2 protein chains.
Amino acid sequence: MNQQITPTYRPLYQQIKEALLARVVAGEWPPGTFIPSESALAEQYGVSVGTLRKALDALANDKVVIRYQGKGTVVATHDSDRSLFQFFRLIGLDGSRCLPISRVLTRERRAATHEEAGMLELQKGEDVVHIRRIRELDDHPALLEDLVVSATRFAGLEREPAPLPNTLYHLYQQRFGHSVAHAEERIFAVAADAEHQAHLGVEIGSPLLEIRRIAKDLQDTPLEYRISRCETQHHCYFNEL
Amino acid sequence: MNQQITPTYRPLYQQIKEALLARVVAGEWPPGTFIPSESALAEQYGVSVGTLRKALDALANDKVVIRYQGKGTVVATHDSDRSLFQFFRLIGLDGSRCLPISRVLTRERRAATHEEAGMLELQKGEDVVHIRRIRELDDHPALLEDLVVSATRFAGLEREPAPLPNTLYHLYQQRFGHSVAHAEERIFAVAADAEHQAHLGVEIGSPLLEIRRIAKDLQDTPLEYRISRCETQHHCYFNEL
DNA sequence: TACAATTTGTGCGTATGTATA
DNA sequence: ATATACATACGCACAAATTGT
C-alpha cells in the first residue's frame with residue numbers, strides 16, 4: 001500500500017479507511033458480520049496496527065462499523081436501536097422516546113414524478129414504489145407518511161409481505177442489500193388538508209410539521225425520498241446542536 | 001496523575017481531558033487564546049504525548065478547542081462561523097446559507113415566569129432579561145424571536161449598546177464570560193397570531209415553525225431559553241442525520 | 001472454577017512529515 | 001534556514017472483555 005494513490009498527498013490511514021469502506025460497499029462483509037481482526041488487516045495491507053486502528057476508529061465514528069472489545073468489529077446494521085435513535089427524532093412532550101407503529105394505507109408501483117426523479121436521481125421514465133402509511137405514537141395517529149423508492153433498485157417491494165415492518169430501513173438492508181447510512185431533512189410548517197383531517201383527526205388548516213427526508217447510502221446514492229406530516233400537539237421534533 | 005480518582009476505573013486520557021476541560025471552564029485559558037503545546041502539557045501531567053493527544057483530540061471533537069497544525073490549539077470562540085454553522089439551521093429553499101440581520105423590538109428586565117424559571121433552573125423570584133427581535137433573511141422578515149436569560153448572570157444586558165450584534169452568543173462570551181457550548185431544540189408547528197401578522201407579514205392562522213431552544217454552557221448550565229417562530233415559505237430548517 | 005487464547009482498548013516512546021511563524 | 005507545533009506512522013507492552021477449553 002503506497003502513499004501516492006493520487007498525486008496529492010493523503011494520509012495512509014485515510015487510504016486504508018477508504019479501502020476498507022470499499023470492501024464493505026462491495027458486500028465482502030455483509031452487515032452484521034465480523035470483519036478480520038486488526039492484526040490480520042494490518043498484515044494484509046502491510047501497515048502497523050496503530051495505523052489500521054486509526055482507519056477503523058474513523059469508520060466507527062462514521063457508524064459504518066461497531067467495535068466490541070474482546071469480540072471484534074462488525075459492520076453496522078439497522079437494528080431497531082439504530083433506526084430509532086439515529087433516524088427517528090420525534091419525542092413526547094415530556095421527553096420520552098416513543099416507538100411508532102405503522103399501518104400501510106396504499107402501496108403501488110407507478111411512474112416517478114418530476115420532483116421524485118430529481119430527488120432520487122432517476123432516469124427519465126423510471127418507475128418508483130410509492131408507500132403511504134400512518135404511524136401511531138402512543139395509540140394515537142400522529143404521522144402521515146409518503147415515501148418513494150426506485151422500483152428497479154427495490155424490485156418487488158410493492159409485493160412484499162403484507163405487514164411491512166415499522167422499521168423499513170431494516171427491510172431495505174435485509175431484503176434488498178441497500179443500507180441507509182445517513183439522511184438530510186428539511187422541515188417546514190404547513191396547513192392540514194382534508195386527508196390529514198381524515199387520517200390524523202386534526203382540523204383542516206391546522207398547522208402541521210412537514211419533514212422532507214432524503215436517505216442515502218454509503219456512497220451518497222439517494223435511496224428513499226420521504227415526506228412526513230406530523231401533528232405536534234402530543235409530540236415534537238427533537239434536535240441536539 | 002493517578003488512575004484512581006474514583007473507585008471505578010477510568011482511562012487516563014479521559015481524566016486528562018476532564019482536567020483540561022476544568023481549566024478551560026475556570027477561565028485559565030480564555031476563549032480565543034492558545035493553550036500550551038502538547039509536549040508541555042504532557043510534561044505537566046506526567047503522561048506521554050500520545051495520551052495527551054487523545055485527550056486534546058476528544059476536546060476538539062466536542063468543539064471545546066480547535067487545533068491548527070503548525071500553530072497550536074486554541075479555545076473555541078463564537079466567531080460568526082461557529083454561530084452560523086453550528087447553531088443556525090435555517091437555509092434557503094435552494095439550499096443557500098443566508099446570514100440573518102437582527103432588529104431588536106423590545107428589551108426589558110422583569111420577573112421570570114414559571115416556565116422560564118424552570119427552563120433556566122432559576123431560583124424563585126429571580127429576574128430575567130427578555131429580548132424580542134425580528135430577524136431578516138434576504139431583506140425579508142422571517143423570524144420573530146423571544147429570548148430570556150438570567151438577569152443576574154447577564155447583569156446589565158438590558159442596558160447594552162443599542163445595536164445588539166446579530167450573533168448574540170459572541171456577546172455572551174465577550175461581555176459576560178459565558179460560552180454557549182451546545183443546545184437542545186424542540187420544534188413544533190403553530191398557527192400565526194396577530195403579532196406574527198404585524199411583524200412577519202403572514203396571514204393570521206397560517207402555519208409557522210416554532211423552535212424552542214435551550215442553550216447550555218460546558219457544564220450543562222442553561223444560559224438562554226429562546227423561542228423562534230419562522231415562516232417557511234422562503235426558508236426551511238435543515239438537519240443532517 | 002480456573003485458565004488460556006483472541007480481540008479491542010490504553011499507554012508509552014520514538015521518528016518523521018507538514019504547516020506556520 | 002530555523003524553530004515550534006501539530007499530524008502521521010511505527011512498534012511494543014499491558015489491561016480489559018469475551019469466548020472456549
Side-chain angles (χ1 to χ4, degrees), chain A residues 1-21 23-24 29 32-77, chain B residues 1-21 23-24 29 32-77:
Chain A
M1 172 76 30
N2 211 327
Q3 300 210 186
Q4 300 281 342
I5 286 183
T6 69
T8 101
Y9 170 77
R10 312 205 48 223
L12 188 47
Y13 74 93
Q14 280 194 24
Q15 300 179 37
I16 302 288
K17 176 188 173 184
E18 282 163 30
L20 293 171
L21 182 58
R23 293 172 76 173
V24 170
W29 305 305
T33 62
F34 282 83
I35 71 176
S37 73
E38 295 177 344
S39 51
L41 288 172
E43 198 178 12
Q44 274 187 34
Y45 288 100
V47 300
S48 77
V49 277
T51 300
L52 199 126
R53 267 190 77 76
K54 244 188 130 168
L56 280 182
D57 286 343
L59 288 177
N61 208 331
D62 295 348
K63 300 187 189 300
V64 175
V65 298
I66 307 173
R67 325 247 275 135
Y68 296 102
Q69 182 177 166
K71 292 182 67 176
T73 303
V74 299
V75 179
T77 64
Chain B
M1 173 73 36
N2 210 326
Q3 300 210 184
Q4 300 280 344
I5 286 184
T6 69
T8 100
Y9 169 78
R10 314 207 45 223
L12 188 47
Y13 74 92
Q14 280 194 24
Q15 299 179 37
I16 303 287
K17 176 188 173 184
E18 283 163 29
L20 293 171
L21 182 57
R23 293 172 75 174
V24 170
W29 306 304
T33 63
F34 281 83
I35 71 177
S37 74
E38 296 177 344
S39 52
L41 288 172
E43 199 178 12
Q44 275 187 34
Y45 288 100
V47 300
S48 76
V49 278
T51 300
L52 200 126
R53 264 189 79 74
K54 251 188 122 167
L56 280 182
D57 286 343
L59 287 177
N61 208 331
D62 295 347
K63 301 189 188 299
V64 175
V65 298
I66 306 173
R67 326 247 274 134
Y68 296 102
Q69 181 176 168
K71 291 182 66 176
T73 303
V74 300
V75 179
T77 64

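These figures come from a predicted structure and were not determined experimentally. All chains are named by letter (A, B, ...) in the order of the sequence lines, taking the proteins before the strands, and each is independently numbered beginning at 1.
Taking CG of B:Asp57 as the start and CG of B:Leu52 as the end, the distance is 9.5 Å to the nearest 0.5 Å.
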Just the atom pairs and distances: protein N or O near nucleotides 2-8 of chain D's N or O, under 3.5 Å.
from	atom 1	to	atom 2	distance (Å)
D:dC6	OP1	B:Thr73	OG1	3.3
D:dC6	OP2	B:Glu38	N	2.8
D:dA7	OP2	B:Arg53	NH1	3.1
D:dA7	OP2	B:Arg53	NH2	3.1
D:dA7	OP2	B:Arg67	NH2	2.9
D:dT8	OP1	A:Tyr13	OH	3.1
D:dT8	OP2	A:Lys54	NZ	3.1

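Protein atom NZ of B:Lys17 is 12 Å distant from nucleotide atom P of C:dT10, rounded to whole Å. In this structure, A:Glu43 atom CD and D:dG11 atom P are separated by 12 Å, rounded to whole Å. Between the CZ atom of A:Phe34 and the P atom of C:dT6 there is a distance of 16 Å, given to the nearest Å. When rounded to the nearest whole Å, the span between CG of A:Leu41 and C1' of C:dT7 equals 12 Å.
By the side-chain contact (heavy atoms from CB on, under 4.5 Å) test, B:Gln14 pairs with B:Arg10, B:Pro11, sequence neighbours left out. Applying the side-chain contact (heavy atoms from CB on, under 4.5 Å) rule to A:Ala58 yields the partners A:Lys17; only residues at least two apart in sequence or on another chain are considered. In this structure A:Ser39 satisfies the side chain to side chain donor-acceptor pair (under 3.5 Å) test together with A:Ser37, sequence neighbours excluded. In this structure, the side-chain contact (heavy atoms from CB on, under 4.5 Å) partners of B:Thr51, at least two apart in sequence or on a different chain, are B:Leu12, B:Tyr13, B:Val47, B:Ser48.
Heavy atoms of A:Val49 sit nowhere under 4.0 angstrom from any nucleic acid atom.
Taking only side-chain nitrogens and oxygens, A:Thr51 comes nearer than 4.0 Å to OP1 or OP2 of D:dC10.
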**Prompt:** Could you walk me through whether B:Val24 and B:Leu20 pass the side chain to side chain contact (heavy atoms under 4.5 Å, CB included) check?
**Reply:** CA-CA 6 Å; B:Val24 170; B:Leu20 293 171; 5.7 Å; no
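Using five terminal pairs a side, the axes of the helix from C:dA2-D:dT21 to C:dA21-D:dT2 at its two ends make an angle of 10°, given in steps of 10 degrees.
When side chains are defined from C-beta on, B:Leu56 counts as touching B:Ile35, because their heavy atoms get closer than 4.5 Å. The closest side-chain heavy-atom distance from B:Gln15 to B:Tyr45 is not below 4.5 Å.
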